[in-house]
Amino acid sequence: MSEIVTRFPPSPTGHLHLGGARTALFNFLFARHNRGKFILRFEDTDKERSKEEYVDSIIEALNWLGLHWDEGPYFQSKRLEIYEEYAKRLYSEGKAYYCECSKEELEAKRKAQLERGIKPHYDGTCREKGLPPGSGRALRIKIPEEITEIVFEDLLRGKIVFPPDEVDDFILLRSDGTPTYQFAVVIDDLTMGVTHVIRGDDHISNTPKQLMIYQALGAKPPQFAHIPMVLGPDGARLSKRHGARSILEYREEGYLPQAVLNYLARLGWGYGDQEYFNLKELIEKFDLSRVNLSPARFDPEKMLAFNAYWIKTLDSSEILKHLKPFLKSYPIEKYSEEYLKTILEGVKPRVKTLKEMAEMIDFYLLEEIELDEKAKEKYLTPKIKSLLERLIIDLDSLSFDDEKKLEEEFRALAEESGVKLKDLAQAVRVALTGKTISPPLFEVIKNLGKERVRIRLKKALEFIN
RNA sequence: GCCCCCAUCGUCUAGUGGACUAGGAUACUGGCCUCUCACGCCAGAGACACGGGUUCGAAUCCCGUUGGGGGCGCCA
């Protein structure tokens with residue numbers, strides 16, 4: 001059996017968003033699972049809207065997700081001669097013809113047809129004119145009259161049948177000589193040896209047109225698998241409002257690529273009761289037969305939950321790698337890699353994003369911490385003053401290396417003073433971290449070390465006075 | 001308007017004619033754990049869109065209705 005080849009063909013008219021990323025993921029997984037090839041190709045024949053910056057951002061997003069391609073990126077804009085060649089062939093074989101109808105005329109006719117309640121169609125004005133190529137003329141496919149129905153076997157949905165009037169003599173080459181989407185995809189997929197086209201089901205109705213091109217070319221079409229679209233939380237098409245934001249924005253917000261990937265994979269695909277998968281597992285377990293057919297809504301909350309899961313599950317070294325960009329405002333060069341990894345342990349189960357994580361560990365990294373207003377008013381009270389003083393005096397006798405002992409020592413101190421550990425702990429927590437919420441106190445004390453603890457306790461006392 | 005696709009808890013899903021008192025995840029509620037907040041654990045509430053068939057038996061198969069989505073460009 002020949003090698004399986006899939007491709008992801010974004011048009012660089014916008015950033016990579018969730019829907020596109022999922023399509024890329026499914027194509028990537030299918031190729032990898034079958035030890036095939038995954039191609040990246042930019043469909044940039046729309047000169048007006050295609051932008052270089054989008055090419056860059058799409059590439060960056062794919063790399064960030066770890067969706068590496070084996071071939072490409074190709075650019076349709078650089079393959080114009082190829083399309084021309086095939087176009088010429090169709091023209092010379094009488095399977096395509098030139099058309100001189102103006103856009104305005106066509107638009108008017110389309111409107112009229114729509115109003116009359118019939119399916120908009122090119123009326124064939126130029127079909128039999130035998131026009132030679134010329135400026136301002138577009139090349140149209142000549143759909144054979146004997147077509148009765150157009151059928152194809154979708155890998156996921158089985159047989160899909162279209163009535164013959166579903167396709168008209170659509171345009172292959174625009175009047176400026178550039179190929180339309182329909183023509184370019186077909187020629188590209190054909191010449192690149194694409195065997196499986198996995199794309200959103202919004203392309204189902206494009207398929208008959210593309211099949212007509214394959215037929216005119218006498219070529220064998222690839223296999224098609226139309227996956228359901230990703231909708232916004234409200235069930236409407238994904239838009240700027242919800243998930244159409246760039247994948248890179250999620251990176252900015254503190255999402256891990258593992259989480260985004262895992263979440264995306266579970267949108268329209270399931271594997272028994274398993275929820276969490278890393279890339280390797282996805283490659284192992286992914287197969288088209290388990291893809292759902294109904295459109296899936298994007299649920300930001302669930303993606304957040306997945307992110308929290310991966311943050312607490314992944315090794316601290318892996319987390320640290322992704323966290324570093326969020327640590328820019330802290331003097332992290334003062335701390336060893338080991339130290340940074342150690343302090344992450346306590347915060348991992350407490351945050352949902354890397355951004356939150358960076359905020360939560362600030363007291364470990366900053367020389368001077370700021371005490372939260374409400375926190376200090378509530379917990380750093382005169383009542384606790386003598387206890388803190390006592391603590392400072394006792395500092396040298398505390399077991400800074402051992403969380404368990406430290407806790408016992410604190411318990412003893414609290415009991416002796418007739419204070420609940422709870423109250424003592426909160427006061428110390430505020431003194432050391434500036435906040436009422438933090439990793440476990442004794443872990444904090446241990447990681448902070450005696451000197452920083454001393455300084456911060458003194459600061460807290462100053463505040464009480 | 002015409003054509004196409006789809007239909008299980010709010011959401012993502014498991015389920016491929018009997019193992020279904022319909023399972024898991026997330027979100028929600030209550031409890032446990034506890035130095036805070038989380039995590040974790042336990043419990044609860046919550047769905048087969050509707051109507052007809054087929055069958056000894058339908059969430060599962062067929063038809064229709066309804067609902068949702070998509071397409072009908074010299075956009076992709």
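Naming convention: chains lettered A, B, ... in sequence-line order (proteins, then strands); numbering from 1 in each chain.
Between B:G15 and B:G53, the two P atoms lie 29 Å apart (nearest whole Å). When the C1' atom is compared between B:C20 and B:C48, the two are found 11 Å apart, to the nearest whole Å. Atom name C1', nucleotides B:G46 and B:A22: the rounded distance is 13 Å, in whole Å. Look at the P atom in both B:G17 and B:U29: the space between them is 40 Å, to the nearest Å. With C1' as the reference atom, B:A43 and B:C6 are 36 Å apart, rounded to whole Å. Atom name P, nucleotides B:G30 and B:G67: the rounded distance is 38 Å, in whole Å. Nucleotides B:G1 and B:U65 place their P atoms 14 Å apart, quoted to the nearest Å. Comparing B:U16 with B:C5, their P atoms sit 25 Å apart, to the nearest whole Å.
Scanning for side chain to side chain donor-acceptor pair (under 3.5 Å) contacts around A:K109 gives A:D123, A:T125, with sequence neighbours left out. With sequence neighbours excluded, the residues satisfying side-chain contact (heavy atoms from CB on, under 4.5 Å) with A:D372 are A:K374, A:A375. Annotation: side-chain contact (heavy atoms from CB on, under 4.5 Å) contacts of A:K385 (sequence neighbours excluded): A:E389, A:L461, A:I464, A:N465.
At the heavy-atom level, A:P120 lies under 4.0 Å from base atoms of the strands shown. As judged by a 4.0 angstrom heavy-atom cut-off over every strand, A:R116 is placed among residues making no nucleic acid contact. A:V161 comes within contact range of the sugar-phosphate backbone alone, with a heavy-atom separation under 4.0 Å but no base atom that close. A:F442 comes within contact range of at least one nucleobase, with a heavy-atom separation under 4.0 Å. Base contact: A:T436 has a heavy atom under 4.0 Å from a base atom. Using a 4.0 Å heavy-atom cutoff across all strands shown, A:T13 reaches no nucleic acid atom at all. Using a 4.0 Å heavy-atom cutoff across all strands shown, A:I171 reaches at least one base atom of the nucleic acid. Note on A:Q182: a base of the nucleic acid sits closer than 4.0 angstrom, heavy atoms only.
A cation-pi arrangement is present between A:K209 and A:F170 under the rule of less than 6.0 angstrom and at most 45 degrees off the ring axis. Geometrically, A:R140 engages A:Y122 in a cation-pi contact, judged by NZ or CZ lying under 6.0 Å from the ring centre and within 45° of the ring axis. Cation-pi geometry between A:R245 and A:Y250 is met: under 6.0 angstrom from the ring centre, within 45 degrees of the axis.
Computed from coordinates, the A:L432 CG to B:U36 P distance equals 16 Å when rounded to whole Å. One can place CD of A:E104 at 16 Å from P of B:G73, the figure rounded to the nearest angstrom. Computed from coordinates, the A:L304 CG to B:A27 C1' distance equals 12 Å when rounded to whole Å. Between A:Q274 atom CD and B:G15 atom P the separation is 13 Å, expressed in whole Å. Atom CG of A:L156 is separated from atom P of B:A7 by 12 Å (rounded to the nearest Å). One atom, CG of A:L238, and another, P of B:G70, lie 11 Å apart when rounded to the nearest Å. Taking atom NZ on A:K312 and atom P on B:C37, their separation rounds to 17 Å, with Å as the unit. Put simply, CD on A:E443 is 15 Å from P on B:U36, counting in whole angstrom units.
Between A:E43 and A:R41, at least one side-chain N (NZ, or NE/NH1/NH2) sits under 4.0 Å from a carboxylate O, which counts as a salt bridge. Contact check on A:R266 versus A:E275 returns a salt bridge, with a Lys/Arg side-chain nitrogen under 4.0 Å from an Asp/Glu carboxylate oxygen.
Within 3.5 Å, no donor on the side chain of A:S205 pairs with an acceptor on the base of B:C72, nor the reverse.
Of the listed residues (A:F286, A:W269, A:F38, A:F8), just one forms a ring-ring contact (aromatic ring centres under 6.0 Å, His included) with A:F26, and that residue is A:F286.
The shortest distance between side-chain heavy atoms of A:R79 and A:D188 falls below 4.5 Å.
Between A:L421 and A:R110, the residue anchored nearer the 5' end of RNA chain B, judged by the nucleotide with its closest heavy atom, is A:L421. Mapping A:H121 and A:M229 onto RNA chain B by nearest heavy atom places A:M229 closer to the 5' end of the strand.
Of the candidates B:G70, B:C35, B:C74, the closest approach to any side-chain atom of A:A138 belongs to B:C74. Picking from B:A76, B:A25, B:G40 the nucleotide with the shortest atom distance to the side chain of A:S11 gives B:A76. Here the nucleotide nearest the side chain of A:I204, chosen from B:G69, B:C4, B:C74, is B:C4. Nearest nucleotide to the A:I437 side chain, out of B:C2, B:C35, B:C37: B:C37. Of the listed nucleotides (B:A76, B:C35, B:C72), B:C72 has the atom at the smallest distance from the side chain of A:K209. The A:I160 side chain lies nearest to B:C5 when the options are B:C5, B:C3, B:A76.
Under the 3.5 Å distance criterion, with hydrogens and angles disregarded, no donor-acceptor pair is assigned to the side chains of A:T6 and A:H196.
Taking the six-membered ring where tryptophan is involved, the planes of A:F75 and A:F42 are essentially parallel, since the angle between them stays under 30° and well short of 60°. Ring planes of A:F152 and A:H226: perpendicular class, angle over 60° (limits at 30 and 60°). Using cut-offs of 30° and 60° on the angle between ring planes, the pair A:F277 and A:Y271 is perpendicular.
Across all strands shown, B:U66 is found opposite B:A7 as a Watson-Crick or G-U wobble partner, with both distances under 3.5 Å. Partner assigned to B:G1 is B:C72, using Watson-Crick or G-U wobble distances below 3.5 angstrom. Base pairing annotation: B:C61 forms a Watson-Crick or G-U wobble pair with B:G53, both donor-acceptor distances under 3.5 Å. Here B:C35 sits opposite no nucleotide as a Watson-Crick or G-U wobble pair (both hydrogen-bonding atom distances under 3.5 Å). Look at B:A43: its Watson-Crick or wobble partner, with both distances under 3.5 angstrom, is B:U29.
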Go through it in stages, so that I can follow the logic: the residues are A:K159 and A:E153, the test is salt bridge (Lys or Arg N to Asp or Glu O under 4.0 Å), and I'd like the CA-CA distance, side-chain angles, deciding distance and then a yes or no.
CA-CA 4 Å; A:K159 187 171 291 202; A:E153 190 77 18; 5.1 Å; no
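Taken residue by residue, residues 346-353 of chain A places heavy atoms nearer than 4.0 Å to RNA chain B at A:P349, A:R350. Near RNA chain B, defined here as any heavy-atom distance below 4.0 Å, there are no residues from residues 373-381 of chain A.
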The contact string for nucleotides 8-14 of chain B, one letter per nucleotide 5' to 3', using protein heavy atoms under 4.0 Å with B, S and - for base, sugar-phosphate only and none, comes out as --BSBSS
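Phosphate contact (OP1/OP2 of B:A76, side-chain N/O of A:R41, threshold under 4.0 Å): absent.
Ring centroids of A:Y91 and A:Y97 are separated by 6.0 Å or more, keeping the two rings apart.
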